[in-house]
Number of protein chains: 2
Amino acid sequence: MARWEPDARGRMLTAALELFAEKGYDGTTAGDIAARAGVTERTFFRHFADKREVLFANPNSLDEMVVKAIAAADEQATPLEMVIGGVRAAAVGLAEARTREQAAQRSRIVEATPALQERELLKMAAMTAAAQAALAERGVGEPTAAMAAYGGVAVFQTAFSRWVSGATDLGLPECVDEAAATLRALT
Amino acid sequence: MARWEPDARGRMLTAALELFAEKGYDGTTAGDIAARAGVTERTFFRHFADKREVLFANPNSLDEMVVKAIAAADEQATPLEMVIGGVRAAAVGLAEARTREQAAQRSRIVEATPALQERELLKMAAMTAAAQAALAERGVGEPTAAMAAYGGVAVFQTAFSRWVSGATDLGLPECVDEAAATLRALT
DNA sequence: CCTCCTATGTCAGTTACTGACATCAACCGT
DNA sequence: ACGGTTGATGTCAGTAACTGACATAGGAGG
């Protein structure tokens with residue numbers, strides 16, 4: 001018999017989601033989450049760098065998918081097309097990992113809490129930086145790589161927001177296509 | 001004679017900048033800043049919602065300038081051009097308020113501290129939302145307004161980053177023009 | 001001269017973290 | 001089988017970011 005119940009991390013993850021939904025992010029302490037998961041607060045902070053990270057603990061990071069897709073993109077594609085292809089791949093991955101309702105519930109929590117919005121924005125900025133670096137790897141010059149990365153991530157954010165809003169029946173990848181078309185129409 | 005020295009807020013502002021430069025953001029406590037400004041920690045938190053806000057306490061908010069410029073934009077302009085015009089106006093305002101060296105020093109502090117990056121991203125997101133709302137006011141439809149706002153803010157961020165980097169002798173507004181040209185060339 | 005207003009001080013309390021050290025099942029080599 | 005090592009956890013004390021409640025006293029206004 002194991003010394004402790006297995007999958008402490010998983011228990012904390014679900015406990016956190018439950019508690020955030022019940023009492024809100026600010027209304028639940030790290031100790032609350034730990035208690036419901038049957039561990040101590042100290043253990044919580046061993047698994048998550050801070051309280052916010054519980055909501056951002058993704059095994060299959062979107063960044064990686066974006067980077068891989070950019071690295072594998074067609075030589076003929078423009079930088080913007082490469083990034084859009086990347087975020088589309090990430091969208092496919094994300095939609096496989098979660099149902100829209102799961103994503104929407106998480107989104108509701110994040111949108112209700114500035115501290116969580118900040119963290120989400122930081123993750124998006126990391127994705128932008130990763131895309132930019134991947135473009136540089138493909139030989140895209142500096143001001144262009146930055147702008148293309150921003151554009152691609154903007155497409156992703158717009159698409160995601162529209163997807164979870166329920167304003168459409170489209171899947172997330174199709175929302176990406178839609179947002180990409182909007183971006184192209186801008187100029 | 002006044003009961004206290006006047007301009008406590010201003011003293012805290014400069015004390016914070018000094019201390020962050022001397023000991024780093026994480027190395028200075030709110031109490032340190034208050035002490036150097038000759039007030040108590042409690043007073044610090046009465047003036048600033050949290051420790052991060054000391055670095056983001058701008059009297060003339062960039063958002064306002066962007067919004068005003070969009071409201072005043074030429075009827076013929078495309079949504080993207082409206083936002084770019086807005087961030088250009090903000091760039092002019094910012095360059096009037098601070099020297100490049102001041103902006104660069106502040107940038108160094110922010111870039112060295114994830115917590116401050118998050119806050120900066122939140123401010124940029126607020127600017128995006130403000131621009132989007134201003135576009136909506138001008139009758140721009142939803143997916144387009146969001147993408148145009150993202151694009152314009154991306155231009156601003158790229159321009160600002162290039163300006164403070166010292167890689168060019170251009171002024172901030174000219175960096176905006178440059179970044180805008182890069183964005184237009186993307187498609 | 002009295003009164004309210006406002007900026008500040010004081011103090012106690014909560015919560016997010018962090019470091020140091022202890023514990024003990026499980027695993028690994030002999 | 002036995003002993004040493006490892007790794008995930010517990011325990012505990014401490015720091016720092018805030019927050020609420022209440023006290024204080026100059027200054028403005030009647």
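Note: hydrogens, waters and symmetry copies are ignored here, and every other heavy atom, side chains too, is used. Protein chains get the first letters and strands the later ones, always in sequence-line order, with residue 1 at the start of each.
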S.K.: Can you tell me the distance, in whole Å, between the CD atom of Glu5(A) and the P atom of dG10(D)?
M.R.: 12 Å
S.K.: Hey, quick one: are Val140(A) and Leu183(A) part of the same hydrophobic cluster, counting side-chain heavy atoms closer than 4.5 Å, chains of contacts allowed?
M.R.: yes
S.K.: Considering only side-chain heavy atoms of Ala8(A), which listed nucleotide, dT24(D), dA16(C), dT9(D), is closest?
M.R.: dT9(D)
S.K.: Do Glu142(A) and Gln132(A) pass the side-chain hydrogen bond (donor to acceptor under 3.5 Å, both in side chains) test, and can you show the C-alpha distance, the side-chain angles, and the key distance before you say yes or no?
M.R.: CA-CA 9 Å; Glu142(A) 209 21 73; Gln132(A) 185 176 341; 2.8 Å; yes
S.K.: Starting from P on dA28(D), measure out to CZ on Arg3(B) and report it in whole angstrom.
M.R.: 14 Å
S.K.: Could you please spell out the steps behind the side-chain hydrogen bond (donor to acceptor under 3.5 Å, both in side chains) verdict for Thr144(A) and Thr182(B)?
M.R.: CA-CA 6 Å; Thr144(A) 304; Thr182(B) 304; 5.4 Å; no
S.K.: Out of dC24(C), dG26(D), dT9(D), which nucleotide sits closest to the side chain of Arg46(A)?
M.R.: dT9(D)
S.K.: Using a cut-off of strictly less than 4.0 Å, decide whether Thr40(B) has a side-chain nitrogen or oxygen near OP1 or OP2 of dT8(C).
M.R.: no
S.K.: Give the intermediate values and the outcome of side-chain contact (heavy atoms from CB on, under 4.5 Å) for residues Leu94(A) and Phe156(A).
M.R.: CA-CA 11 Å; Leu94(A) 204 167; Phe156(A) 182 82; 3.9 Å; yes
S.K.: Roughly, in whole Å, what's the span from CZ in Phe45(A) to P in dG14(D)?
M.R.: 19 Å
S.K.: Going by heavy atoms in the side chains, are Leu55(A) and Arg119(A) under 4.5 Å from each other?
M.R.: no
S.K.: The side chain of Thr29(A) is closest to which nucleotide in this list: dA20(C), dC18(D), dA16(C)?
M.R.: dA16(C)
S.K.: Distance check: side-chain N/O of His47(A) vs OP1/OP2 of dA8(D), anything under 4.0 Å?
M.R.: no
S.K.: What integer distance in Å separates Asp26(A):CG from dT14(C):C1'?
M.R.: 13 Å
S.K.: Nearest to the side chain of Trp4(A), which nucleotide is it out of dA16(C), dT23(C), dT9(D)?
M.R.: dT9(D)
S.K.: When you get a sec, tell me which of dA16(C), dA7(C), dC22(D) is the closest nucleotide to the side chain of Glu41(A)?
M.R.: dA16(C)
S.K.: side-chain hydrogen bond (donor to acceptor under 3.5 Å, both in side chains) between Thr29(A) and Asp32(A): does it pass, once the steps are laid out?
M.R.: CA-CA 5 Å; Thr29(A) 71; Asp32(A) 292 342; 3.3 Å; yes
S.K.: Should the ring pair Phe44(B) and Phe48(B) be called parallel, tilted or perpendicular, given that the plane angle runs from 0 to 90° and is split at 30 and 60?
M.R.: tilted
S.K.: With a 4.0 Å limit, can you tell me whether Thr43(B) has a side-chain N or O closer than that to the phosphate oxygens OP1/OP2 of dA7(C)?
M.R.: no
S.K.: Among residues 106-122 of chain A, which contact DNA chain C at a heavy-atom distance under 4.0 Å?
M.R.: none
S.K.: Taking NZ from Lys51(A) and C1' from dA16(C), how many angstroms apart are they, rounded to a whole number?
M.R.: 8 Å
S.K.: Write down the distance between CZ (Arg9(A)) and C1' (dT9(D)), rounded to a whole number of angstrom.
M.R.: 15 Å
S.K.: Expressed in angstrom and rounded to an integer, what is the separation of Ile33(A) atom CD1 from dC17(C) atom C1'?
M.R.: 13 Å
S.K.: Which nucleotide, dT8(C), dT10(C), dC12(D), lies nearest any side-chain atom of Arg42(B)?
M.R.: dT10(C)
S.K.: Quickly work out the Asp50(B) CG to dT15(C) P distance and round it to whole Å.
M.R.: 18 Å
